[in-house]
Amino acid sequence: MLLAIVSDSHDAIPHLRRAVELANERKAAYLLHCGDLISPFMVKELACFRGEVHLILGNNPGDVWLLAKHCAKLPNIHLHGQYTFEELSGLSVALVHFPELAEGLALTGRFDLVCCGHTHVFEVRYLENTVMVNPGELLGKEGPPTMAFFATETKQVEKVVLS
């Protein structure tokens with residue numbers, strides 16, 4: 001199974017749109033957004049993903065009431081608040097925005113995959129039996145926009161630079 005992981009889209013519509021297109025092309029089962037989506041109009045872009053989307057808020061949550069209202073209308077989008085712990089097809093996954101929290105969760109050994117964002121910098125760490133992934137940013141502020149794909153069978157992470 002393949003998971004698509006994104007973060008820090010900060011209203012960059014073309015970059016989120018491209019990430020969703022790639023996730024669909026590669027037949028990712030889930031799309032995980034690690035926070036800072038920001039505007040409710042971005043939900044429309046997420047809704048184009050053919051699988052389930054799990055979304056957390058981050059430190060730039062935007063209009064949470066409108067985000068929740070838009071997400072509630074779409075059965076494939078799950079808005080979880082500041083964090084979520086999910087069982088996705090037998091895989092134990094944690095989503096948090098901040099890397100410090102992600103590292104703490106990864107070190108507990110309770111999760112197969114812990115995803116975070118916030119720094120806008122791509123990073124993969126293997127801590128015990130847990131893979132910690134920061135997919136970088138979709139915004140493109142610190143360099144080209146990036147995302148990650150996680151292959152559950154091999155626990156390999158692929159960095160993708162969006163073009």
Side-chain angles (χ1 to χ4, degrees), residues 1-10 15-16 19-20 22-38 42-43 46 49-62 64 67-68 71 74-139 141-162:
M1 179 175 66
L2 194 63
L3 307 179
I5 308 165
V6 300
S7 190
D8 295 277
S9 48
H10 291 273
H15 300 159
L16 181 59
V20 169
L22 280 174
N24 283 332
E25 286 171 15
R26 294 190 181 195
K27 297 182 178 15
Y30 299 93
L31 190 146
L32 311 176
H33 194 301
C34 302
D36 288 0
L37 178 75
I38 303 184
M42 295 291 280
V43 172
L46 282 176
F49 180 65
R50 293 186 194 116
E52 282 186 31
V53 176
H54 291 273
L55 166 66
I56 60 171
L57 294 172
N59 65 305
N60 288 299
V64 177
L67 276 174
C71 290
L74 301 162
N76 70 322
I77 298 183
H78 308 281
L79 175 61
H80 297 285
Q82 289 296 336
Y83 63 89
T84 189
F85 307 139
E86 297 295 321
E87 192 75 22
L88 304 175
S89 301
L91 191 74
S92 180
V93 177
L95 296 182
V96 294
H97 189 62
F98 299 101
E100 297 83 3
L101 296 175
E103 181 178 18
L105 289 168
L107 289 171
T108 68
R110 291 182 45 217
F111 302 97
D112 299 304
L113 176 66
V114 177
C115 301
C116 63
H118 187 61
T119 63
H120 294 227
V121 177
F122 182 90
E123 181 180 18
V124 176
R125 294 175 62 193
Y126 292 86
L127 303 166
E128 303 290 326
N129 292 323
T130 302
V131 181
M132 185 175 130
V133 178
N134 183 332
E137 59 168 350
L138 286 179
L139 177 59
K141 177 180 145 285
E142 300 299 326
T146 59
M147 67 181 297
F149 285 97
F150 178 74
T152 60
E153 294 80 19
T154 62
K155 291 193 170 188
Q156 293 301 305
V157 178
E158 177 190 1
K159 176 182 181 178
V160 175
V161 177
L162 301 179

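With a 4.5 Å cut-off on side-chain heavy atoms, L105 and T130 do not count as touching. The side-chain heavy atoms of S9 and H15, taken from C-beta on, include no pair separated by under 4.5 Å. By the 4.5 Å heavy-atom criterion applied to side chains, L32 and F150 are not counted as neighbours. Looking only at side-chain heavy atoms (C-beta outward), L3 and L91 come within less than 4.5 Å of each other. The shortest distance between side-chain heavy atoms of L16 and L46 falls below 4.5 Å. The shortest side-chain heavy-atom distance between I5 and V157 does not fall under the 4.5 Å cut-off. You'll find the side chain of H33 stays beyond 4.5 Å of the side chain of H54, heavy atoms only.
Every residue two or more places apart in sequence or in another chain was checked for a salt bridge (Lys or Arg N to Asp or Glu O under 4.0 Å) with E100, and none qualifies. With sequence neighbours excluded, the residues forming a side-chain contact (heavy atoms from CB on, under 4.5 Å) with A68 are L79, listed by chain and number. With sequence neighbours excluded, the residues that form a salt bridge (Lys or Arg N to Asp or Glu O under 4.0 Å) with R125 are E103. Not counting sequence neighbours, the partners of E158 by the salt bridge (Lys or Arg N to Asp or Glu O under 4.0 Å) test are R26. Residues forming a ring pair (Phe, Tyr, Trp, His ring centres under 6.0 Å) with F122 (at least two apart in sequence, or on another chain): none.
Crowding of E128 atom CD: a count of heavy atoms from other residues, nucleotides or ligands under 6.0 Å not exceeding 12. Around atom CZ of F98, more than 12 heavy atoms belonging to other residues, nucleotides or ligands sit under 6.0 Å away.
Applying the side chain to side chain donor-acceptor pair (under 3.5 Å) definition to pairs two or more places apart or across chains, those involving residues 86-95 are Y30-S89, T84-E86.
Under the 3.5 Å distance criterion, the side-chain polar atoms of Y126 are matched with a main-chain donor or acceptor of K155. Side-chain N or O atoms of D8 include none that pairs as donor or acceptor with a backbone N or O of G117 at under 3.5 Å. The backbone N or O of C34 sits less than 3.5 Å from a side-chain atom of H97, completing a donor-acceptor pair. Side-chain N or O atoms of K159 include none that pairs as donor or acceptor with a backbone N or O of V124 at under 3.5 Å. Checking side-chain atoms of N24 against main-chain N and O of R50 turns up a donor-acceptor pair under 3.5 Å. In terms of modelled atom types and a separation under 3.5 Å, the side chain of E142 and the main chain of E137 share no donor-acceptor contact.
Between V43 and C71 the shortest heavy-atom distance is CG2-SG, 3.9 Å. Contact between M132 and C116 at its shortest, heavy atoms only, is CE-SG, 4.4 Å. Heavy atoms only, all atoms of each residue included: L67 and P61 are closest at CD1-O, 3.1 Å. The two residues A28 and F149 make their nearest non-hydrogen contact at CB-CE2, 4.4 Å. Heavy atoms only, all atoms of each residue included: I56 and V96 are closest at CD1-C, 3.4 Å. Taking both residues in full, the closest heavy atoms of N60 and H10 are given as ND2-CE1, 3.4 Å, listed atom of the first, atom of the second, then distance.
Within the model, atoms CD of E153 and CG of L2 stand 8.5 Å from one another, a figure rounded to the nearest 0.5 Å. In this structure, NE2 in H120 is found 10.0 Å from CG in L138, a value given to the nearest 0.5 Å.
Relative orientation of the F85 and F111 rings is tilted, given thresholds of 30° and 60° on the angle between their planes.
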Task: side chain to side chain contact (heavy atoms under 4.5 Å, CB included) evaluation trace for L101 with V114 - done: CA-CA 10 Å; L101 296 175; V114 177; over 6 Å; no

Open item on the list: With side chain to side chain contact (heavy atoms under 4.5 Å, CB included) as the criterion, how do L113 and C115 come out once you've worked through the C-alpha distance, each side chain's angles and the decisive distance to 0.1 Å?
Closed with: CA-CA 7 Å; L113 176 66; C115 301; 3.7 Å; yes

Task: side chain to side chain contact (heavy atoms under 4.5 Å, CB included) between N59 and D36, worked out - done: CA-CA 7 Å; N59 65 305; D36 288 0; 3.0 Å; yes

